[in-house]
Amino acid sequence: MMNDYDESIAFLGHWGCFQKTVFFLLCASTIPNGTGVLSIIFVADIPAHHCRIPEANLTQDWLNVVIPTEVVNGKQEQSSCSRYRLDVVRNLSAQGFIPGRDVNLTELQQEGCVDGWSYSRDIYQSTIVSQFDLVCADQWKQPFSSTVYFLGVLCGSFFAGQLSDRFGRKPVFFITMACQTIFTFAQVFSPSWTVFSILLFLSGLGQIGNYVSAFVLGSEILSGKVRVLYASLGVCLCFALGFLILPLFAYFLRDWKSLLLALSLPALLYIPLWWFIPESPRWLVSQGRVEEAEAIVRNAAKKNHIEAPKDIFQNFIPDKETTCSKEEESYNVFDLFRTSSIRNTTLILLIVWFTLLTGYYGLSLNSTQLSDNPYISAFISAAVEVPAYISAWLALAYLPRRYAASSAVLLGAVSLFLIQLVPQNLPELFIAMEMLGKYGFTTSSSIVFTYTTEIYPTAIRSTATGTCATISRVGSCIAPFVFQLGVYFKYLPYILLGSLAVVSAIATLFLPETFGKPLPETFEQMGKRERMTCPCIAQRETAEPVVLLESQL
């Protein structure tokens with residue numbers, strides 16, 4: 001294999017015309033991921049609804065009370081799933097009885113919504129909830145729709161990395177982008193919730209595959225501090241930008257079908273990127289396709305107005321003995337638990353990843369329920385991510401990993417606990433506390449992603465991050481149901497997420513510190529890392545955060 005790829009292409013520099021093109025185009029390609037992954041908060045939102053009352057020749061007095069009232073979170077609301085028996089009410093109305101004066105409404109029998117439901121159009125023209133009647137007995141399908149999507153993301157995160165390793169970064173990037181676009185577009189024509197869910201699952205597969213391929217492609221083409229900037233801030237901010245755009249689209253397009261069309265069709269603009277984004281030369285070299293890699297690098301040199309050397313990859317030396325020895329010394333997931341020290345580290349990271357992704361997606365999916373205006377609430381939720389990612393980037397550059405990650409998630413935990421003390425007449429403070437909680441979860445997540453790659457040795461780094469990512473996706477799958485617990489007690493979801501966050505904050509302190517230290521190459525070096533000691537900031541020297549691998553996502 002090549003002795004040092006980075007040295008071979010060092011003549012290109014870090015920030016020429018070629019690098020700028022790749023950086024901005026790949027960052028722009030992640031904007032649809034931000035709009036797509038969280039579009040479900042509007043597509044599957046629950047509009048106000050009650051039982052439909054067909055033409056029944058009722059007096060106005062009876063029409064006003066035929067839907068019983070009930071107390072929900074301390075407020076009187078019309079029942080969503082029941083009505084007084086229509087035949088009884090029709091007879092009472094025909095006889096001239098007045099409800100509340102001649103008839104005690106509490107003694108009347110009730111029935112379900114046998115004639116369907118009427119949905120409010122004050123906020124939405126339609127959602128999949130009103131389209132497929134995902135209410136009352138079928139109400140479980142509403143949060144499960146989000147879970148189906150994240151199951152697709154989970155499967156996509158598992159397969160996307162392997163496919164790109166085998167067939168190349170560029171083809172997988174464009175194929176998964178096409179899948180995301182096609183299946184999102186096809187959801188508009190779903191005749192049933194079942195068909196919609198299948199297409200939603202496939203859309204999730206494409207969404208994460210596209211994001212992973214873009215992430216890896218940029219990380220391998222770019223180099224130096226530009227690579228770190230791309231991996232830790234560039235794609236994250238563009239993802240957040242997509243989330244910021246989402247409420248704007250949803251505000252002007254109140255129908256769920258129109259919204260999905262508006263989110264899917266702009267992806268056609270990315271087709272020309274095929275001629276501007278090259279395959280990863282690093283991957284081509286690893287596959288022995290040196291001539292193709294050299295052609296791409298020479299083209300890059302031409303764009304940067306730099307004269308390329310005669311033999312760019314002259315150090316590429318296939319070494320069969322080295323290759324065979326590496327194959328014999330392969331590692332698997334069981335090696336993450338081989339000793340008590342490594343086992344403890346792995347278990348702590350699994351808990352932390354699970355907690356952070358559950359909290360992030362739980363709070364994101366709940367954003368439309370924070371106020372009477374779901375569009376403003378979702379915009380605020382998206383805007384919080386911008387300072388969170390910037391904070392994570394600064395923390396990775398200047399602060400010890402475990403203390404930064406622990407402090408951020410602890411901030412989120414405290415904020416969620418304090419929500420219970422917010423008076424009912426201060427809804428703005430309630431929203432602010434929840435958003436501060438999301439800020440903590442988002443910041444800590446970004447830090448921990450990089451932290452994980454710095455803990456494990458090179459031989460098992462991909463396996464470790466892939467295992468943690470899989471567990472984190474399990475958390476995102478159950479996240480849609482977390483705030484359903486508010487039916488039993490309004491603050492139960494916040495107590496649950498806050499408690500998990502406190503456990504994670506404490507557990508993170510027991511991880512080995514990696515700040516300012518070289519990456520471990522062996523398990524022995526990993527075991528020598530200090531734990532529960534205050535690292536000296538002066539030791540950081542010129543260390544840079546590690547670029548995330550595709551298996552992390």
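Values in this document were obtained by computation on a predicted structure and should not be read as measured data.
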[X] side chain vs [Y] backbone, donor-acceptor pair below 3.5 Å:
X      : Y      : answer
Arg402 : Phe510 : no
Ser29  : Leu26  : yes
Asp255 : Ser258 : yes
Lys438 : Ser381 : yes
Ser444 : Ala405 : yes
Ser130 : Ser126 : no

Mind listing the closest non-hydrogen atom pair of [X] and [Y] along with its distance?
X      : Y      : result
Phe276 : Leu25  : CB-CD1, 3.6 Å
Thr345 : Pro512 : OG1-CD, 3.9 Å
Cys27  : Gly234 : SG-C, 3.7 Å

Do the side-chain N and O atoms of [X] and [Y] include a donor-acceptor pair separated by under 3.5 angstrom?
X      : Y      : answer
Thr443 : Ser391 : no
Tyr119 : Asp133 : yes
Trp117 : Ser80  : no
Ser367 : Ser364 : no
Ser504 : Thr355 : yes
Asp45  : Gln142 : no
Lys170 : Ser280 : no
Glu385 : Thr442 : no

Quiz item: Looking at side-chain heavy atoms only, is the closest gap between Phe417 and Ser499 below 4.5 Å?
Solution: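 Touching, per the 4.5 Å side-chain cut-off.
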
Quiz item: Is any NZ, NE, NH1 or NH2 atom of the basic residue among Arg83 and Glu111 found under 4.0 Å from an Asp or Glu carboxylate oxygen of the other?
Solution: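 Answer for the salt bridge query: yes.
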
I need the [X] [atom1] to [Y] [atom2] distance, nearest 0.5 Å.
X      : Y      : atom1 : atom2 : answer
Leu205 : Leu200 : CG    : CG    : 10.5 Å
Thr127 : Leu134 : OG1   : CG    : 7.5 Å
Leu199 : Ile182 : CG    : CD1   : 11.5 Å
Phe483 : Leu496 : CZ    : CG    : 9.5 Å

Practice problem: With sequence neighbours excluded, tell me which residues meet ring pair (Phe, Tyr, Trp, His ring centres under 6.0 Å) with Phe132. | Solution: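 Ring pair (Phe, Tyr, Trp, His ring centres under 6.0 Å) check on Phe132 returns nothing, list empty.
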
Practice problem: Can you sort out the partners of Tyr360 under ring pair (Phe, Tyr, Trp, His ring centres under 6.0 Å), two or more places apart, ordered by chain and number? | Solution: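 Counting only residues at least two positions away or on another chain, Tyr360 forms no ring pair (Phe, Tyr, Trp, His ring centres under 6.0 Å).
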
Quiz item: Any cation-pi pair here, Lys490 with Phe430, using under 6.0 Å and within 45°?
Solution: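 Flagged: Lys490 positioned over aromatic ring of Phe430.
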
Quiz item: Do the numbers put Arg254 on top of the ring of Tyr251, so that NZ or CZ is under 6.0 Å from the six-membered ring centre and no more than 45° off the axis?
Solution: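 Arg254 over Tyr251 ring: yes.
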
Quiz item: Looking at residues at least two apart in the chain, or sitting in another chain, which of them share a side-chain hydrogen bond (donor to acceptor under 3.5 Å, both in side chains) with Gln78?
Solution: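 Scan of Gln78 (side-chain hydrogen bond (donor to acceptor under 3.5 Å, both in side chains), adjacent residues dropped) gives none.
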
Quiz item: Looking only at the SG atoms, are Cys81 and Cys113 under 2.5 Å from each other?
Solution: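 With an SG-SG separation of 2.5 Å or more, Cys81 and Cys113 do not form a disulfide.
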
